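Note that the structure is predicted; figures quoted are calculated from it, not measured. For reference, positions follow the sequence shown, starting with 1.
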Amino acid sequence: RLNSGVRAHRNIAVNSTPMRIRWSFILLTALATASISAAAIFGPIVAHQYIQDANTQAASRPHPTLQTYIEDGSSLLFDEESQQGALSLIPYDSISLERTPCFGPCPVYVVTFYKNGRATLSTNNVWGGEGKKYYTGKISLGSYIRLVQMVTLAKNSSPESIYAAQWTDDYTAIIRATSKDQTWTVSDYGRVAPVEVWALETLLHTYREQSEWTPASGP
């Protein structure tokens with residue numbers, strides 16, 4: 001009887017080990033199945049919400065303007081992507097100022113600044129007898145953007161295309177902003193146009209004086 005009891009106890013011990021292994025396997029399998037099911041159900045929901053949040057954040061960010069690029073001026077110097085972004089917002093291919101003779105030694109010239117950074121200048125020293133001279137130069141993208149901003153202000157404030165003072169000894173300033181579709185022109189004799197036009201003329205004249213010019217053989 002004693003031997004029979006020992007054998008029975010051994011059989012129970014031996015048989016209990018596979019039971020523990022089977023229960024562990026069943027538990028691990030259930031957990032793995034639950035994880036896979038949760039990922040299948042909730043994964044697309046979480047991904048959709050993430051994409052939706054990202055799109056909402058992108059939509060809430062303001063679109064860049066020319067002023068945005070001006071405020072982050074370093075990007076216009078070193079970041080080609082920012083340069084291309086700014087150029088895409090500029091409507092004018094060229095902006096020019098023509099100043100005519102007056103009764104006196106007024107500077108007579110036509111200066112044109114281009115969207116691609118090029119600049120040209122033709123002068124005509126009427127009083128000095130030097131005749132016409134031609135030059136080439138450059139303009140930075142930031143400076144050209146400032147001209148574009150001033151053109152927008154001048155255009156919005158000037159319902160007329162010709163302004164003229166009553167006296168007869170002054171010069172005429174003719175400003176042209178040319179795009180692919182059209183050219184906006186305003187003529188101001190005696191500096192009596194709205195102040196935005198006068199400010200634009202002053203800025204163009206200042207850029208002309210500050211630029212480095214290289215003599216050219218022709219226009």
Side-chain angles (χ1 to χ4, degrees), residues 65-67 69-70 73 76 86-87 89-219:
T65 64
L66 289 178
Q67 183 61 30
Y69 291 108
I70 285 292
L76 295 179
L87 286 170
L89 298 176
I90 295 176
Y92 302 110
D93 297 322
S94 66
I95 301 170
S96 69
L97 168 64
E98 177 182 354
R99 285 185 52 156
T100 66
C102 68
F103 189 72
C106 298
V108 180
Y109 65 85
V110 179
V111 62
T112 305
F113 297 102
Y114 294 88
K115 181 178 178 179
N116 61 9
R118 192 168 61 94
T120 60
L121 171 67
S122 63
T123 62
N124 188 2
N125 190 344
V126 178
W127 292 92
E130 297 177 0
K132 289 187 176 182
K133 291 186 177 182
Y134 303 97
Y135 304 86
T136 59
K138 296 180 180 180
I139 185 172
S140 68
L141 180 54
S143 295
Y144 192 82
I145 288 175
R146 284 305 197 196
L147 286 177
V148 171
Q149 291 176 319
M150 288 303 303
V151 167
T152 301
L153 292 176
K155 185 177 180 181
N156 291 338
S157 67
S158 307
E160 306 295 333
S161 59
I162 299 176
Y163 296 88
Q166 299 303 311
W167 50 90
T168 59
D169 59 348
D170 218 323
Y171 69 89
T172 299
I174 304 170
I175 299 173
R176 298 181 180 89
T178 303
S179 64
K180 293 181 179 179
D181 301 324
Q182 59 183 349
T183 297
W184 172 74
T185 303
V186 61
S187 174
D188 182 17
Y189 173 78
R191 289 157 292 179
V192 296
V195 66
E196 291 84 357
V197 175
W198 170 81
L200 174 57
E201 178 201 340
T202 301
L203 185 58
L204 285 161
H205 184 70
T206 300
Y207 281 175
R208 179 254 181 183
E209 291 186 325
Q210 293 179 347
S211 298
E212 295 183 4
W213 298 104
T214 300
S217 57

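Heavy-atom minimum distance, Tyr144 versus Ile90: CE2-CG2, 3.7 Å. Across all non-hydrogen atoms, the minimal contact from Thr185 to Ser161 is O-CB, 3.7 Å. For Leu200 against Ala154, the heavy-atom pair with the smallest separation is CD2-CB, 4.0 Å. When all heavy atoms of Gly190 and Asp170 are compared, the pair lying nearest together is CA-OD2, 3.5 Å. When all heavy atoms of Leu76 and Tyr69 are compared, the pair lying nearest together is CD1-O, 3.7 Å. Ser211 and Phe113 make their closest contact through OG-CE2, 4.0 Å (heavy atoms, listed as atom of the first residue, atom of the second, distance).
Distance alone, capped at 3.5 Å, places no donor-acceptor pair between the Lys133 side chain and the Pro215 backbone. Distance alone, capped at 3.5 Å, is enough to place a donor-acceptor pair between the Thr100 side chain and the Thr172 backbone.
Within a 6.0 Å sphere centred on CH2 of Trp184, other residues, nucleotides and ligands contribute more than 12 heavy atoms. For Glu209, the CD atom sits in a packed shell: over 12 heavy atoms of surrounding residues, nucleotides or ligands are nearer than 6.0 Å.
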Please assess Tyr171 against Arg191 for the test side-chain contact (heavy atoms from CB on, under 4.5 Å), listing each intermediate value before the final yes or no. CA-CA 9 Å; Tyr171 69 89; Arg191 289 157 292 179; 3.4 Å; yes
### Task
Please assess Arg118 against Thr136 for the test side-chain contact (heavy atoms from CB on, under 4.5 Å), listing each intermediate value before the final yes or no.
CA-CA 8 Å; Arg118 192 168 61 94; Thr136 59; 5.9 Å; no
What verdict does the side-chain contact (heavy atoms from CB on, under 4.5 Å) test give for Thr123 and Trp213, after you've listed the backbone C-alpha separation in whole Å, the side-chain angles of each residue and the deciding distance to 0.1 Å? CA-CA 12 Å; Thr123 62; Trp213 298 104; over 6 Å; no
For Asp93 and Thr178: C-alpha separation, side-chain torsions, deciding distance, then whether side-chain contact (heavy atoms from CB on, under 4.5 Å) applies.
CA-CA 6 Å; Asp93 297 322; Thr178 303; 5.5 Å; no
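Separating the CG atom in Leu203 from the CD atom in Gln210 is a distance of 9.0 Å, to the nearest 0.5 Å. The CG atom of Leu89 sits 12.5 Å away from the CD atom of Gln67 when rounded to the nearest 0.5 Å. Separation of atoms CG (Leu66) and CD (Gln149) is listed at 6.0 Å; rounding is to 0.5 Å. Of the inter-residue distances, the one linking Ile139 atom CD1 with Ile95 atom CD1 reads 7.5 Å to the nearest 0.5 angstrom. Distance CD1/Ile174 to CZ/Arg99: 12.0 Å, rounded to 0.5 Å. To the nearest 0.5 Å, the span separating OH on Tyr114 from NZ on Lys138 amounts to 15.5 Å.
The side-chain heavy atoms of Thr120 and Pro219, taken from C-beta on, include no pair separated by under 4.5 Å.
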